[in-house]
Amino acid sequence: SLELIIPAILLAWVLGTFLAINAILRPGGHVDSMTQILGDAMNSIPVFWLGLILLMIFATGLELFPVSGRLDYIYEIKPVTGFMLIDTLLSSKSYSGEAFFNALNHLILPVMTLTIIPLSYVNLQLRNGMKEIHNSAYIRAARSRGMSRSRLIWRHSFPNAIKPVLDGMSLQFSVLITSTIIIEYLFSWPGIGHWFLLLIKQQDFLALRGVVILIAVIILIANIATDLLNYLTNPKLRRE
């Protein structure tokens with residue numbers, strides 16, 4: 001499950017930051033307008049519907065990506081870390097390189113589907129926050145003193161706009177965990193979510209309690225990590 005969640009969060013932050021900075025550099029441009037429209041659309045798209053559409057187009061239609069699973073059956077990779085990408089690199093098999101790209105190919109569609117959730121949040125929140133800060137009085141004063149645009153963005157606009165985005169990431173992580181259950185079942189990904197739905201079918205209530213506790217602990221750790229990140233990026237909290 002973490003092999004889906006971690007790349008989705010990282011990709012969402014990279015793409016969301018890039019699109020938000022592009023909106024500051026070229027306000028009202030084609031990319032900015034398209035990003036705003038797509039951001040509103042991504043907030044309304046159900047995850048299971050998007051996953052089915054991606055499967056129909058790229059897996060069964062164009063046959064660019066596999067339909068399900070983590071790795072083709074022709075590869076035998078011994079699990080070491082639980083992350084298939086890392087395990088293929090650690091493997092001593094002669095086909096470890098091929099297995100790595102095969103595992104990466106299996107990862108693309110579910111990660112693309114899962115990225116939509118945090119990407120829409122990061123992009124819209126960071127974009128609106130940076131625009132508000134970039135039009136403030138102290139930014140205009142710094143610009144009049146000849147401060148470069150890149151310095152204004154990376155030293156002032158971005159660090160101040162990222163704080164409210166980090167505050168809401170704990171809630172987004174909770175949404176991401178619940179969406180992972182659907183994505184794993186849709187792509188036959190053997191993670192916590194797939195196991196959870198399997199236990200519901202089998203009516204194994206004892207194991208279900210264990211899964212619920214595990215998910216609650218993961219969300220709790222994510223909330224603590226978000227608070228720590230907020231502390232590290234906020235000088236006022238560090239002084240207090």
Side-chain angles (χ1 to χ4, degrees), residues 1-16 18 38 42 45-120 122 172-173 175-204 207-208 210-212 214-215 217-219 221-222:
S1 298
L2 289 176
E3 198 168 18
L4 292 180
I5 293 172
I6 293 174
I9 291 177
L10 293 177
L11 191 61
W13 273 100
V14 171
L15 290 177
F18 170 76
L38 288 176
M42 285 187 293
I45 293 176
V47 178
F48 64 88
W49 180 85
L50 178 63
L52 287 172
I53 293 298
L54 292 178
L55 278 173
M56 289 172 58
I57 295 174
F58 295 105
T60 59
L62 300 176
E63 297 183 357
L64 297 175
F65 302 103
V67 177
S68 61
R70 301 177 71 193
L71 194 68
D72 286 347
Y73 292 111
I74 60 173
Y75 302 109
E76 293 184 5
I77 301 297
K78 182 181 178 182
V80 179
T81 63
F83 291 84
M84 188 58 72
L85 291 178
I86 299 176
D87 290 345
T88 51
L89 294 176
L90 295 177
S91 175
S92 59
K93 301 285 187 180
S94 59
Y95 48 74
S96 60
E98 296 178 14
F100 172 80
F101 287 106
N102 187 266
L104 185 63
N105 208 29
H106 281 78
L107 195 65
I108 291 175
L109 279 186
V111 168
M112 281 177 58
T113 310
L114 206 56
T115 302
I116 295 299
I117 301 167
L119 174 60
S120 58
V122 171
Q172 288 298 310
F173 190 84
V175 176
L176 205 60
I177 287 286
T178 55
S179 300
T180 307
I181 297 175
I182 303 171
I183 297 304
E184 287 179 1
Y185 188 76
L186 191 62
F187 289 92
S188 297
W189 190 272
I192 295 175
H194 192 273
W195 183 39
F196 182 74
L197 293 177
L198 187 64
L199 292 174
I200 292 176
K201 284 185 176 180
Q202 296 173 351
Q203 296 186 359
D204 191 345
L208 274 172
V211 176
V212 171
L214 178 61
I215 293 175
V217 169
I218 293 173
I219 293 174
I221 292 172

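Keep in mind that the numbers below use all heavy atoms, side chains included, and drop hydrogens, waters and symmetry copies. The model shown is predicted, which means the values in this text are computed figures rather than measured ones.
Between atom CG of residue Leu186 and atom NE2 of residue His194 there is a gap of 10.5 Å, rounded to the nearest 0.5 Å. In this structure, CD1 on Ile6 lies 13.5 Å from CG on Leu11, to the nearest 0.5 angstrom. Note that the CG atom of Leu55 and the OG1 atom of Thr113 stand 7.0 Å from one another [nearest 0.5 Å]. A distance of 12.0 Å separates OG of Ser179 from CG of Leu4, quoted to the nearest 0.5 Å. Distance CG/Leu54 to CZ/Phe187: 6.0 Å, rounded to 0.5 Å. One finds the CD1 atom of Ile183 at 11.0 Å from the CD1 atom of Ile5 (value rounded to the nearest 0.5 Å).
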- Message: For a side-chain contact (heavy atoms from CB on, under 4.5 Å) check, start with the C-alpha distance between Glu98 and Asn102, then their side-chain angles and the critical distance, and finish with the verdict.
- Response: CA-CA 6 Å; Glu98 296 178 14; Asn102 187 266; over 6 Å; no

- Message: Quick one, Leu114 with Leu176, criterion side-chain contact (heavy atoms from CB on, under 4.5 Å). Give me CA distance, side-chain angles, the key distance, then yes/no.
- Response: CA-CA 7 Å; Leu114 206 56; Leu176 205 60; 3.8 Å; yes

- Message: side-chain contact (heavy atoms from CB on, under 4.5 Å), that's the test. Do Leu107 and Leu85 meet it? Break it down for me.
- Response: CA-CA 9 Å; Leu107 195 65; Leu85 291 178; 3.6 Å; yes

- Before giving the answer on side-chain contact (heavy atoms from CB on, under 4.5 Å), spell out for Ile45 and Ile116 the whole-Å C-alpha distance, their side-chain angles and the decisive distance to 0.1 Å. CA-CA 9 Å; Ile45 293 176; Ile116 295 299; 5.5 Å; no

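In this structure, Pro7 and Leu2 approach most closely via the heavy-atom pair CD-O, 3.8 Å. For the residue pair Ser96 and Ser91, the shortest heavy atom distance occurs at CB-O, 3.8 Å. The minimum heavy-atom distance linking Thr115 with Ala8 is given by the pair OG1-CA, 3.5 Å.
Phe83 CZ: more than 12 foreign heavy atoms inside a 6.0 Å radius.
With Leu214 as the partner, the side-chain contact (heavy atoms from CB on, under 4.5 Å) test is satisfied by one option alone out of Val211, Ile218, Val212: Ile218.
Every residue two or more places apart in sequence or in another chain that forms a ring pair (Phe, Tyr, Trp, His ring centres under 6.0 Å) with Tyr75 is listed here: Tyr95. Partners of Phe65 by side chain to side chain contact (heavy atoms under 4.5 Å, CB included), not counting sequence neighbours, listed by chain and number: Phe58, Asn105, Ile108, Leu109.
Contacts classified as salt bridge (Lys or Arg N to Asp or Glu O under 4.0 Å) and involving residues 61-82 (residues at least two apart or in different chains) are given here: Glu3-Arg70.
Proximity of a side-chain donor or acceptor of Thr88 to a complementary backbone N or O of Met84 within less than 3.5 Å is detected. Judged by distance alone, with hydrogens and angles left aside, the side-chain atoms of Ser1 form a donor-acceptor pair with the main-chain N or O of Ile192 at under 3.5 Å.
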